[in-house]
There are 2 protein chains.
Amino acid sequence: MNDPDFECKLDRLKQLSLEQGLRLTHQRLEILRELAAAMDHPSAEMIYKRVRVRMPTLSLDTVYRTLWTFERLGLAFRVPALGEQGRFDGDLSPHHHFVCDACSEIIDFTWDAFENIALPGTEAALGRIDRKQVVLRGLCGKCVPQAA
Amino acid sequence: MNDPDFECKLDRLKQLSLEQGLRLTHQRLEILRELAAAMDHPSAEMIYKRVRVRMPTLSLDTVYRTLWTFERLGLAFRVPALGEQGRFDGDLSPHHHFVCDACSEIIDFTWDAFENIALPGTEAALGRIDRKQVVLRGLCGKCVPQAA
DNA sequence: GTACGTGCAAAAATTTTGCTTTAAT
DNA sequence: ATTAAAGCAAAATTTTTGCACGTAC
């Protein structure tokens, strides 16, 4: 589907591979493609199942290793979710997550007002801040009606 | 040490126990005490080790079951941490977490400016929002000097 | 006395590791 | 040709579950 986001990440992976002596394997390529196409913050196992359809020899441990590699390279990051399996996000643009306590769905949202306020004066006390993210919790639109 | 926070939570646990037919067991009491005293967002295993010192028959599965019960009751909640073991927080006052990518330490901070801005207009789209929390990531004061 | 909760042990689920083989450079 | 990375299987970790016994109410 020639996803522009995938193309961009692919270029970045190629560049990083050159710089750091990493190898551009089919597995990394397919996992990157799947991550760029996924809108649902997939777990390692979800990615494994999806990529396996077209690459049946893929193993789950490779997915884990690849995801950690991508995180280290800044091509993906782990979503600060609650319990369950680790969930990954390939969308690097500034956005935040709403987690439904009932169905565990993770919904993205943006929040301009948040991006614009200054960090608390504690920055010196905390150390170096690389990323800031909001996690909202509650019940999603589908689960609210079913609650008592 | 007659921690006022523990006393308050104990009262709440007693009240909820009465209301919901829960039993006020020694295990729940000691786990609640440990959680109220802990400042380090302990994992189930950390709580297990600490309480076991004075209650050697305690089992780890009871700690898990108790923590989930406390979360359901609103006496504690799981910290949106990254990977690793689940970490719990008994401090219910509005505060946020800084997670060090190097040593995994979780540091609390407050952020008045954040509390005061309005949620994005997407609330209707998301559903019911029960809790909002910021997760900052980076390197803590101890780990910054050791980074390249 | 009556369940609810605990302890124990075993299982399930998730993630990591050692080692051999494959393949990218 | 070199050597990072993949695949496989097994282990390690973390969390959950079934069941018999204990205990708060």
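This one's a predicted model, so the numbers in the text were calculated from it and none came from an experiment. First the proteins, then the strands, lettered A, B, ... as listed; each starts at 1. Atoms considered below: every heavy atom in the structure, side chains included; atoms not considered: hydrogens, waters and symmetry mates.
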(request) May I have the distance from B:Tyr48 (atom OH) to D:dT16 (atom P), rounded to whole angstrom? (result) 16 Å

(message) I'd like to know if A:Asp89 pairs up with A:Arg87 as an ion pair, taking the criterion as any Lys NZ or Arg NE/NH1/NH2 lying under 4.0 Å from an Asp or Glu carboxylate oxygen.
(response) no

(request) Would you indicate what B:Ser43 reaches in the nucleic acid, counting non-hydrogen atoms under 4.0 angstrom: base, sugar-phosphate, or nothing? (result) nothing

(request) Check the surroundings of atom NZ in B:Lys132: do more than 12 heavy atoms from other residues, nucleotides or ligands lie under 6.0 Å from it? (result) yes

(request) Would you mind reading off the distance between A:Ile47 atom CD1 and D:dA6 atom C1', rounded to a whole angstrom? (result) 17 Å

(message) Check this for me: does any side-chain nitrogen of one of B:Asp11 and B:Lys9 sit under 4.0 Å from a carboxylate oxygen of the other?
(response) no

(message) Any carboxylate oxygen within less than 4.0 angstrom of a Lys/Arg side-chain nitrogen, looking at A:Arg137 and A:Asp101?
(response) yes

(request) Extract, from 5' to 3' on DNA chain C, the first and final nucleotides lying under 4.0 angstrom from some heavy atom of chain A. (result) C:dT14 to C:dT25

(request) Could you check how far CE of A:Met55 sits from C1' of D:dA5, rounded to whole Å? (result) 12 Å

(message) Contact between B:Phe98 and A:Ile129 at the side-chain level, heavy atoms closer than 4.5 Å - yes or no?
(response) yes

(request) Provide, to the nearest angstrom, the distance between the CG atom belonging to A:Asp61 and the P atom belonging to D:dA11. (result) 15 Å

(message) Would you say that A:Arg28 contacts A:Leu24 through its side chain, given a criterion of any heavy-atom pair below 4.5 Å between the two side chains?
(response) no

(request) Take the angle between the ring planes of B:His96 and B:Phe109 and call it parallel below 30°, perpendicular above 60°, tilted in between. (result) tilted

(request) Can you run down the ring pair (Phe, Tyr, Trp, His ring centres under 6.0 Å) pairs that involve residues 16-44 of chain A, sequence neighbours left out, and say none if there aren't any? (result) A:His41-A:His97

(message) Can you list, by chain and residue number, the hydrophobic cluster partners of B:Leu92 when the side-chain cut-off is 4.5 Å?
(response) B:Phe77

(request) Have a look at B:Arg28 and say if it touches a base, only the backbone sugar-phosphate, or nothing, with a 4.0 Å heavy-atom cut-off. (result) sugar-phosphate

(request) Send over the distance from A:Glu19 CD to D:dA4 P, rounded to a whole Å. (result) 18 Å

Kindly give the atom pairs (protein nitrogen or oxygen, nucleotide nitrogen or oxygen) under 3.5 Å for nucleotides 21-24 of chain D.
residue: D:dA24; atom: N3; partner: B:Arg23; partner atom: NH1; Å: 3.2

(request) Using only side-chain N and O atoms of B:Arg87, determine if any of them is under 4.0 Å from OP1 or OP2 of D:dT14. (result) no

(request) Could you tell me whether the phosphate oxygens of D:dT16, OP1 or OP2, come under 4.0 Å of any side-chain nitrogen or oxygen in B:Trp68? (result) yes

(message) Tell me the interatomic distance from A:Arg65, atom CZ, to D:dA9, atom P, rounded to whole angstroms.
(response) 14 Å

(request) Indicate whether the side chain of A:Thr66 and that of A:Thr69 have a donor and an acceptor atom separated by less than 3.5 Å. (result) no

(message) Tell me every residue that passes side-chain contact (heavy atoms from CB on, under 4.5 Å) with B:Gln15, counting only those two or more places apart in sequence or in another chain.
(response) B:Arg12, B:Glu19

(request) Round to the nearest Å and state the distance from A:Glu30 atom CD to D:dA5 atom P. (result) 18 Å

(request) Specify the angle, to 10°, made by the local axes at the two ends of the helix from C:dG1-D:dC25 to C:dT25-D:dA1 when five pairs are taken at each end. (result) 40°

(message) Rounded to whole Å, please give me the gap between CG in A:Leu18 and P in D:dA4.
(response) 16 Å

(request) Look at A:Arg50 together with A:Asp40 and state whether they make a salt bridge at an N to O cut-off of under 4.0 Å. (result) yes

(message) Which is more 5' along DNA chain C, the nucleotide nearest B:Ser59 or the one nearest B:Gly21? Just name the residue.
(response) B:Gly21

